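For reference, the structure discussed in these notes is given below.
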Amino acid sequence: MEYTSGAASWRQVFRRVAAGLRWRPARSRRTGWSVGVPLIALAAGLLFTTTATTADGTALREDRRPQLTQLIEERRQQVTDSEERAARLRAQVTAQAEEFAGSDAPIAEQRNRAESSRQAAGFTAMRGPGLVVELNDAPQVGEGNRPDAATNDDLVVHQGDVQAVVNALWAGGAEAMSIMDVRVLSTSAVRCVGNTLLLHGQVYSPPFKIAAIGDPAHLQRALTESEGVQLFKDAVDHYQLGYRESVETDLSVPAYDGSSALRSARVPE
C-alpha cells in the first residue's frame with residue numbers, strides 16, 4: 001500500500017475544489033429550482049419588510065374592539081356636551097328675545113307668531129291618549145335552536161321596520177311622536193347601525209319603543225293597513241321577533257330639544 005504525505009493530500013483537495021469552482025460551458029439547461037429558490041427568497045424578504053413597515057412596531061392582529069368602544073364613548077360624550085351647550089345658548093336667545101319684546105313691537109309680534117307655531121312644530125311637550133309600539137330582536141339561542149334557515153339578519157329589527165311603524169303612525173293621524181322617549185319631527189332621520197338605533201346623534205339598543213299621541217283606533221288601523229308593518233309581523237311569527245302594541249289613555253311625549261336649523265326647505269304648491 002502506498003502512502004502520500006500530508007502536504008500532497010492537501011494539494012489534492014485544493015485541486016478538486018478549484019476544479020469544482022472552475023467555470024464550465026453549460027451542457028444542459030439550469031433546473032427550475034436553481035432559478036426559483038433565489039426568487040422565492042427575495043419575495044419572502046420583501047414580504048417581511050412590508051409587514052414590518054405596516055405594523056410599525058404593533059401587532060397586526062391586535063384586538064381593536066376596546067379602542068373602538070372607547071372612541072364611541074368619547075364621541076357620545078362630545079355629543080352630550082354639545083347638546084347641553086346648545087340648550088344653554090337657546091335659553092339665552094329666548095331670554096334676550098323676551099327682553100327685547102317688551103320694548104320693541106315688531107319683535108313682540110314675531111315672537112308671538114313663533115310661539116303660536118311651537119306646538120305644531122314639536123317644541124312643546126304634549127299629553128293625551130295614544131299608542132305605544134315596541135319592536136325587539138329575537139331571543140338569543142344556540143345555532144341548533146334557531147328557526148329553519150334563519151340568519152343573523154333575520155333575527156334583528158332593521159331600520160326599515162322602525163320606519164314602517166313611524167310612517168304608519170304619522171299616516172294614522174299622530175299629533176306627536178317619540179322614539180325611545182326622544183321627540184321626533186318630520187325632519188328626524190331614523191338609522192340603524194347593526195342592531196342599534198341611531199337617532200339625533202345618540203345610540204339606542206332594542207327593544208325600540210315608539211309612542212304616538214292620537215286616536216288609538218285610527219293609529220291601530222293605520223298599522224294594520226301598512227304593508228311594511230305586516231311584513232314585520234310575519235317575521236315575528238316565523239323568527240320569534242318581538243312586537244307589542246299597547247293603548248295608553250294618558251301618554252306623555254317630551255318637547256323636541258334638538259337643533260331647529262334646516263339645510264333646505266320647499267314650500268308646497
Side-chain angles (χ1 to χ4, degrees), residues 79-80 83 86-87 90 94 113-139 156-193 195-237 239-260 262 265 268:
V79 170
T80 301
E83 289 179 345
R90 282 195 296 270
T94 301
R113 180 186 172 200
E115 285 294 328
S116 64
S117 303
R118 286 181 64 83
Q119 180 171 329
F123 288 92
T124 59
M126 290 188 64
R127 299 184 71 94
L131 195 67
V132 175
V133 180
E134 285 191 6
L135 309 179
N136 200 1
D137 295 345
V156 298
V157 179
H158 292 282
Q159 175 178 320
D161 303 323
V162 179
Q163 287 177 332
V165 172
V166 170
N167 291 339
L169 292 174
W170 284 130
E175 301 173 22
M177 192 182 307
S178 66
I179 302 176
M180 304 302 285
D181 296 324
V182 176
R183 183 70 171 265
V184 293
L185 309 177
S186 58
T187 56
S188 299
V190 178
R191 296 186 178 89
C192 284
V193 181
N195 70 329
T196 60
L197 179 68
L198 181 62
L199 178 64
H200 297 170
Q202 297 289 341
V203 180
Y204 302 93
S205 299
F208 303 129
K209 184 178 74 171
I210 306 164
I213 292 178
D215 187 325
H218 291 171
L219 298 176
Q220 286 182 314
R221 182 165 59 250
L223 290 171
T224 302
E225 295 174 353
S226 169
E227 181 180 356
V229 175
Q230 291 309 307
L231 288 175
F232 183 78
K233 288 183 177 180
D234 293 340
V236 168
D237 296 334
Y239 298 114
Q240 302 176 8
L241 292 163
Y243 181 87
R244 186 173 68 89
E245 292 179 17
S246 60
V247 175
E248 302 289 339
T249 57
D250 187 19
L251 188 62
S252 176
V253 172
Y256 177 75
D257 59 357
S259 173
S260 58
L262 289 177

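Just so you know, these numbers come straight off a predicted model, no measurement behind them.
- Residues passing the salt bridge (Lys or Arg N to Asp or Glu O under 4.0 Å) test with Arg221: none are found, sequence neighbours excluded.
- To the nearest 0.5 Å, atoms CG (Leu197) and CD (Gln202) are separated by 11.0 Å.
- A donor-acceptor pair is defined here as one N or O able to donate and one able to accept, closer than 3.5 Å; no such pair exists between the side chain of Gln230 and the backbone of Glu225.
- Interatomic distance, CG of Leu169 versus NE2 of His218, reported as 13.5 Å (0.5 Å rounding).
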Show me, pair by pair, the donor-acceptor contacts under 3.5 angstrom made by side chains of residues 126-136, not counting sequence neighbours?
from, atom 1, to, atom 2, distance (Å)
Arg127, NE, Asp250, OD1, 3.4
Arg127, NH2, Asp250, OD2, 2.9
Glu134, OE2, Arg244, NH2, 3.1

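- Interatomic distance, CG of Leu199 versus CE of Met180, reported as 9.5 Å (0.5 Å rounding).
- For the salt bridge (charged side-chain N to carboxylate O under 4.0 Å, His left out) condition, the pairs that include at least one residue of residues 181-191, sequence neighbours left out, are Asp181-Lys209.
- In terms of heavy atoms, Ala176 sits closest to Val253 at CB-CG1, 4.2 Å.
- Here the straight-line distance linking atom OG of Ser178 with atom CD1 of Ile213 works out to 8.0 Å at 0.5 Å rounding.
- Between atom CZ of residue Phe208 and atom CD of residue Gln159 there is a gap of 10.5 Å, rounded to the nearest 0.5 Å.
- Each salt bridge (charged side-chain N to carboxylate O under 4.0 Å, His left out) pair with one or both residues in residues 166-177, not counting sequence neighbours, would appear here, but there are none.
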Verify side-chain contact (heavy atoms from CB on, under 4.5 Å) between His200 and Val79, making sure each step is shown before the conclusion. CA-CA 9 Å; His200 297 170; Val79 170; over 6 Å; no

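- Shortest non-hydrogen contact noted between His158 and Cys192 is C-SG, 3.8 Å.
- Under the side-chain contact (heavy atoms from CB on, under 4.5 Å) criterion, Val236 pairs with Phe232, Leu241, Tyr243, not counting sequence neighbours.
- Considering every non-hydrogen atom in both Ala211 and Leu251, the closest pair reads CB-CD2, 3.9 Å.
- Residues Ile179 and Val190 form a side-chain contact, since some pair of their non-hydrogen atoms from C-beta on lies under 4.5 Å apart.
- Among residues two or more places apart in sequence or in another chain, the side-chain contact (heavy atoms from CB on, under 4.5 Å) test is passed with Ala168 by Leu223, Ser226, Val229.
- Nearest heavy-atom pair, Pro206 versus Asp137, reported as atom, atom and distance to 0.1 Å: CG-OD2, 3.3 Å.
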